[in-house]
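One structure is given below, encoded as structure tokens.
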Amino acid sequence: MLSIRPLTTERWRDFESLFGDRGACGGCWCMWFRLPRATYEARKGEPNRRGMRELVEAGQPVGVLGYLDATPVGWCSVAPRDQYQRLRTTRMMRSPDALPVWAILCLFVGRQWRNRGYATQLIRGAAAYAAQHGAPAVEAYPVVPLRGAIPPVFASQGLLASYLAAGFREVGRPSESRVVVRWYPEPGS
């Protein structure tokens, strides 16, 4: 069972260790959805790492890390939807209403820890973290594999099965391979 902790300045080195020199995927550092495309492309690598660090140092909620004992094995971004600039223009990840949800847009589990159910644990932990910070709901945009397994880079938002196992439910289907799901906190939680 993973222990889930928010990314803070005290845990920054764990985040760097998990993401490695390449920033998890081609210098992303989980900034893809947070920046306009041209800005993101110009900042791949070290500038994106610095950008994420600045968000963390400013105390903004950016996501949670999953630990096995003291070892960071996974990451799940979660923040208020309006912090992700790309969501304002993407048709495939449109909210069904104006509820000020929090959004999960990235799941990353270290290669040696994959296929052990950690993605579902990270999703649950991210949803609980968002609820603790007043989120009325948590929304995500998982992929539905159409022809067998898909490479991890193309499943960075997670797979539908992981979200359903974490208690999310489908609220929209903009395409055959993309679903909008939501999780609502229990009243009084």
> Any idea which heavy atoms bring Tyr129 and Val78 closest together, and the distance?
Replying inline: CD2-CG1, 3.7 Å
Can you give me every donor-acceptor pair (side chain of residues 26-42, partner residue at least two apart or in another chain, under 3.5 Å) with its distance?
| from | atom 1 | to | atom 2 | distance (Å) |
| --- | --- | --- | --- | --- |
| Arg34 | NE | Cys30 | O | 2.9 |
| Arg34 | NH2 | Val62 | O | 3.1 |

>> When you group the ILVMFWY residues by side-chain heavy-atom contacts below 4.5 Å and let the links chain together, are Val181 and Leu99 in the same group?
In response: no
> Side chains of Arg169 and Tyr184: closer than 4.5 Å at any heavy-atom pair?
Replying inline: yes
>> Once rounded to the nearest 0.5 Å, what's the spacing between atom CG of Leu107 and atom SG of Cys76?
In response: 4.5 Å
> With distance as the sole test, does Ser162 use its side chain to make a donor-acceptor pair with the main-chain N or O of Ala119 at under 3.5 Å?
Replying inline: no
> Is there a donor-acceptor pair under 3.5 Å between the side chain of Arg178 and the backbone N or O of Tyr141?
Replying inline: yes
>> Please determine whether side-chain contact (heavy atoms from CB on, under 4.5 Å) holds for the pair Cys106 and Trp75, giving the CA-CA distance in whole Å, both sets of side-chain angles, and the decisive distance to 0.1 Å.
In response: CA-CA 8 Å; Cys106 178; Trp75 159 256; 4.0 Å; yes
>> Starting from Val171, can I reach Leu87 by hopping between I/L/V/M/F/W/Y residues whose side chains sit under 4.5 Å apart?
In response: yes
> Does a side-chain heavy-atom distance below 4.5 Å link Trp12 with Met52?
Replying inline: yes
>> Under the criterion side-chain contact (heavy atoms from CB on, under 4.5 Å), I'd like the reasoning laid out for Trp113 against Thr71: C-alpha separation, chi angles, the key distance, then a yes or no.
In response: CA-CA 11 Å; Trp113 307 106; Thr71 303; 4.2 Å; yes
>> Check whether Arg116 reaches the backbone of Gln112 with its side chain - one donor and one acceptor, N or O, closer than 3.5 Å.
In response: yes
> Within a strict 4.5 Å, meaning less than it, do heavy atoms of the Thr8 and Phe15 side chains meet?
Replying inline: no
> For residues 91-109, which residue pairs qualify under side chain to side chain donor-acceptor pair (under 3.5 Å), counting only residues two or more places apart or in two chains?
Replying inline: Ser95-Glu139, Asp97-Arg182
> Salt bridge between Arg53 and Glu16, side-chain N to carboxylate O under 4.0 Å?
Replying inline: no
>> Tell me every residue that passes salt bridge (Lys or Arg N to Asp or Glu O under 4.0 Å) with Arg88, counting only those two or more places apart in sequence or in another chain.
In response: none
>> If the test is side-chain contact (heavy atoms from CB on, under 4.5 Å), which one of Val56, Val64, Leu65 qualifies with Arg11?
In response: Leu65
> Where do Val101 and Val138 land on the side-chain contact (heavy atoms from CB on, under 4.5 Å) test, with the steps shown first?
Replying inline: CA-CA 5 Å; Val101 299; Val138 179; over 6 Å; no
>> side-chain contact (heavy atoms from CB on, under 4.5 Å) for Leu160 and Arg173? Distances and angles first, verdict last.
In response: CA-CA 11 Å; Leu160 177 59; Arg173 192 173 281 254; 4.0 Å; yes
>> Within the structure provided, determine whether Asp14 and Phe19 are in side-chain contact (heavy-atom separation under 4.5 Å).
In response: no
> With the threshold set at 4.0 Å, does a side-chain nitrogen-carboxylate oxygen contact exist between Arg50 and Glu54?
Replying inline: no
